Amino acid sequence: MASAKNLTTSTLHSISWSTAATVVTAVLQLGYTGVMARLLTPAAFGLVALAGVVIRFGTYFSQIGLEHALVQKPDMTDEDVRAAFTSAALLGGVCALALAVGAPLARLVFDEPAVVPLVRLMGLGLLFNGLSATALSILRRRMAFRALAIIETSAYVLAYGVLGIGMAWRGWGVWSLVVANLAQGLLVALLAYAVTRHSLRLYFRWAHYRPLLAYGTRITFTSFIEFITSSLDTLLIGRLLGAALLGIYNRASMLITLPLYLLTRSVSRVIFPAFSQVQADRAKLGGVYLGSITLVAAGILPLGAGVAVAAPVLVRAVLGPGWEAAVPVLRILCAAVPLSLITMFAGIVCDARAALTAKINANLLALCSLVLFFFFLRGYGLAGFAGALVLNELVRTALFLRLMHHELALPYPRLLAAYGPGLFHAAALGALLGLLHLALRPLGWPAPAALTLLMLAGALGLGGLMLLRPRPSLREELLRFLGRLRPGNSASTGARFLAGYLRFLERQVPLTSSYTPGFGPQPSPLQP
């Protein structure tokens with residue numbers, strides 16, 4: 001078991017590297033999407049989205065959760081590594097072959113013949129994922145997120161930025177999206193193995209599979225339910241409305257999901273191994289869970305509000321002409337996606353504590369409610385499907401708050417209060433950007449210039465709300481988090497700035513049972 005200092009230090013170090021990679025990847029993906037949206041049609045994105053549903057379906061059978069089991073397992077042996085690699089590699093190859101043979105079935109599901117060859121080729125990605133899963137899990141377990149950041153960013157630049165755009169420029173159409181996706185998976189597999197150099201010898205002794213499978217199969221089943229829930233809109237839109245409208249829906253979803261998911265992912269992927277190391281202490285997990293969702297909600301709820309206000313300018317600037325139908329869909333999804341990503345942290349707590357039965361039950365109830373919402377709102381087109389997601393996320397949030405109440409013994413007022421700073425920031429930032437957007441409209445600025453100004457105003461506004469005038473509960477979480485970075489007697493400029501900022505926050509924090517001004521923050525919930 002890691003010491004308190006080492007665990008906290010490695011967690012913060014990992015978050016910094018993961019966040020840096022996230023920011024770089026988000027910028028690259030927005031640029032890539034903007035270029036590809038001008039080179040390809042909405043139907044091309046819709047076809048790849050349909051094929052992607054089939055590929056994600058195969059993913060859950062190709063890995064059966066063993067990569068999560070390697071991270072969560074208290075003690076990892078060489079035999080565990082070999083068992084995980086054997087199962088992931090063999091199952092990845094078998095599932096890739098199964099998709100190649102069974103691809104024509106996709107035509108029956110989607111009523112779209114063009115998706116069949118895409119599924120056959122994209123199925124190779126399951127093999128690449130199987131080959132890389134063990135190496136990536138080892139890196140996450142070691143919290144080697146610097147190496148992961150370099151691997152993932154390099155693979156993305158080469159696969160999408162060079163190969164994908166190059167093929168689209170030369171007229172390869174939808175195949176440029178497919179080949180870029182496969183190239184990224186292959187590059188990640190090669191680079192991850194080059195860093196870890198784990199054993200490639202196959203292993204077939206059941207004794208080392210049993211504990212991994214006991215956890216991994218339940219993780220897989222839970223993830224499979226989440227996959228059905230997250231893919232149901234794509235399935236129904238593709239089937240009922242066609243590939244072109246699905247492409248519009250898919251790109252609208254990307255514009256809000258990409259920045260918010262990447263920001264939360266940079267924290268969540270580090271939090272899971274950190275949670276796993278203190279999984280037995282429910283009180284400390286409860287504290288770090290509340291701190292996590294307070295900080296995350298304070299950032300992503302106002303970002304969702306800002307994107308909703310700037311949706312017309314954002315669509316024109318990133319996607320270009322011909323994508324106007326994405327604006328109302330984007331605005332509705334701006335309410336659903338932030339809630340979904342905040343709820344993700346409750347799922348991480350369940351994974352870390354192996355409380356998977358309760359998580360499965362909550363996800364099953366959420367899936368049932370989503371089916372009902374889609375049924376009643378199916379006649380309202382793309383906006384109806386997006387609205388169904390918003391309503392279902394409210395239900396899903398309530399289910400997981402109840403789960404955290406029972407699993408971590410957290411009272412409902414504390415759980416709900418964690419959303420308070422984020423909701424306040426969302427209202428304030430939405431009003432600020434709304435007024436600015438109205439002021440810019442008569443000026444007729446080009447979309448990129450207007451978007452740049454809105455982004456700058458949003459960044460300054462959110463920065464002021466979070467750092468200069470944070471709500472009381474947010475101040476305390478900032479003090480706990482930043483207090484772990486307190487540099488002691490260091491005389492560097494950064495150390496003096498941090499010390500001064502912490503004193504600024506301390507002067508504003510009211511007396512509570514968990515914080516004493518003048519003595520710094522109490523021990524981090526990450527301390528074992």
Side-chain angles (χ1 to χ4, degrees), residues 36 40-65 87-133 159-160 163-164 167-168 170-186 189 217 220-221 223-251 253-254 367 370-371 374-375 378 382 385:
M36 297 297 273
L40 304 177
T41 65
F45 291 99
L47 289 172
V48 171
L50 290 175
V53 171
V54 181
I55 301 306
R56 290 196 301 275
F57 176 80
T59 299
Y60 295 103
F61 296 95
S62 66
Q63 295 181 12
I64 58 174
S87 60
L90 293 182
L91 286 173
V94 169
C95 290
L97 180 60
L99 285 182
V101 174
L105 295 176
R107 179 176 181 176
L108 301 178
V109 176
F110 301 122
D111 193 25
E112 182 59 69
V115 82
V116 174
L118 302 186
V119 169
R120 282 194 169 123
L121 185 57
M122 290 176 69
L124 284 174
L126 298 182
L127 175 60
F128 300 155
N129 291 341
L131 294 174
S132 66
Y160 285 92
L163 186 59
M167 290 182 65
R170 290 183 172 273
W172 283 78
V174 68
W175 295 105
S176 60
L177 297 171
V178 174
V179 173
N181 178 268
L182 291 176
Q184 184 190 33
L186 178 59
T217 52
T220 297
F221 183 66
S223 300
F224 183 70
I225 297 171
E226 294 172 344
F227 155 73
I228 295 295
T229 303
S230 64
S231 302
L232 195 57
D233 53 348
T234 299
L235 288 167
L236 293 177
I237 293 171
R239 179 76 183 184
L240 300 177
L241 303 181
L245 286 179
L246 176 59
I248 291 174
Y249 181 89
N250 179 263
R251 292 300 88 185
S253 176
M254 180 278 305
L367 177 59
L370 182 62
V371 171
F374 278 153
F375 177 78
R378 68 190 187 282
L382 294 180
F385 284 102

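All values below come from the heavy atoms of this structure, side chains included, with hydrogens, waters and symmetry mates left out. Keep in mind that what you see is a predicted model, and the values were worked out from it rather than measured.
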Item to check | Approximate separation, where rounding is to 0.5 Å, of L118 CG and L50 CG | outcome: 9.0 Å

Checklist outcome for this item: Sorted by chain and residue number, the side-chain contact (heavy atoms from CB on, under 4.5 Å) partners of S253 (sequence neighbours excluded) come out as T257, L333

Item to check | Heavy-atom pair with the smallest gap, counting every atom of A189 and S132 | outcome: CA-CB, 3.5 Å

Next on the checklist: Restricting to non-hydrogen atoms, name the atom on M167 and the atom on S176 that form the minimum distance, rounded to 0.1 Å.
Outcome noted: CB-CB, 3.6 Å

Checklist entry - At their closest point, which heavy atom of G123 faces which heavy atom of A96, and how far apart are they? => result O-CB, 3.2 Å

Checklist entry - Can you tell me how far the CG atom of N181 sits from the CG atom of L163, to the nearest 0.5 Å? => result 11.5 Å

Next on the checklist: How close do V174 and A44 get, counting heavy atoms only, and between which atoms?
Outcome noted: CG2-O, 3.6 Å

Checklist entry - Does any N or O in the side chain of N129 come within less than 3.5 Å of the main-chain N or O of G125, such that one atom is a donor and the other an acceptor? => result yes

Next on the checklist: Let me confirm one number: the CG-CG distance from L97 to L126, rounded to the nearest 0.5 Å.
Outcome noted: 11.0 Å

Next on the checklist: Tell me every residue that passes side-chain contact (heavy atoms from CB on, under 4.5 Å) with L186, counting only those two or more places apart in sequence or in another chain.
Outcome noted: F128, L190

Next on the checklist: Distance check, rounded to the nearest 0.5 Å: L40 atom CG versus L47 atom CG?
Outcome noted: 11.0 Å

Next on the checklist: Suppose we screen for side-chain contact (heavy atoms from CB on, under 4.5 Å). Which residues come up paired with P104, at least two apart in sequence or across chains?
Outcome noted: V116, R120

Next on the checklist: On a heavy-atom basis, which atom in M36 and which in G164 lie closest, and how many Å separate them?
Outcome noted: CE-O, 3.9 Å

Mind listing the side-chain donor-acceptor pairs of residues 236-245 below 3.5 Å, one per line with the distance, residues two or more places apart or on another chain?
{"unit_1": "R239", "atom_1": "NH1", "unit_2": "L108", "atom_2": "O", "d": "3.0"}
{"unit_1": "R239", "atom_1": "NH1", "unit_2": "V109", "atom_2": "O", "d": "3.1"}

Checklist outcome for this item: Closest non-hydrogen atoms of L131 and A89, given as atom of the first, atom of the second and distance, are CD2-CB, 3.9 Å

Item to check | Non-neighbouring partners of T234 that pass side-chain hydrogen bond (donor to acceptor under 3.5 Å, both in side chains), sequence neighbours left out | outcome: none

Item to check | With sequence neighbours excluded, residues passing side-chain contact (heavy atoms from CB on, under 4.5 Å) with L121 | outcome: L124, W175, V178, L182

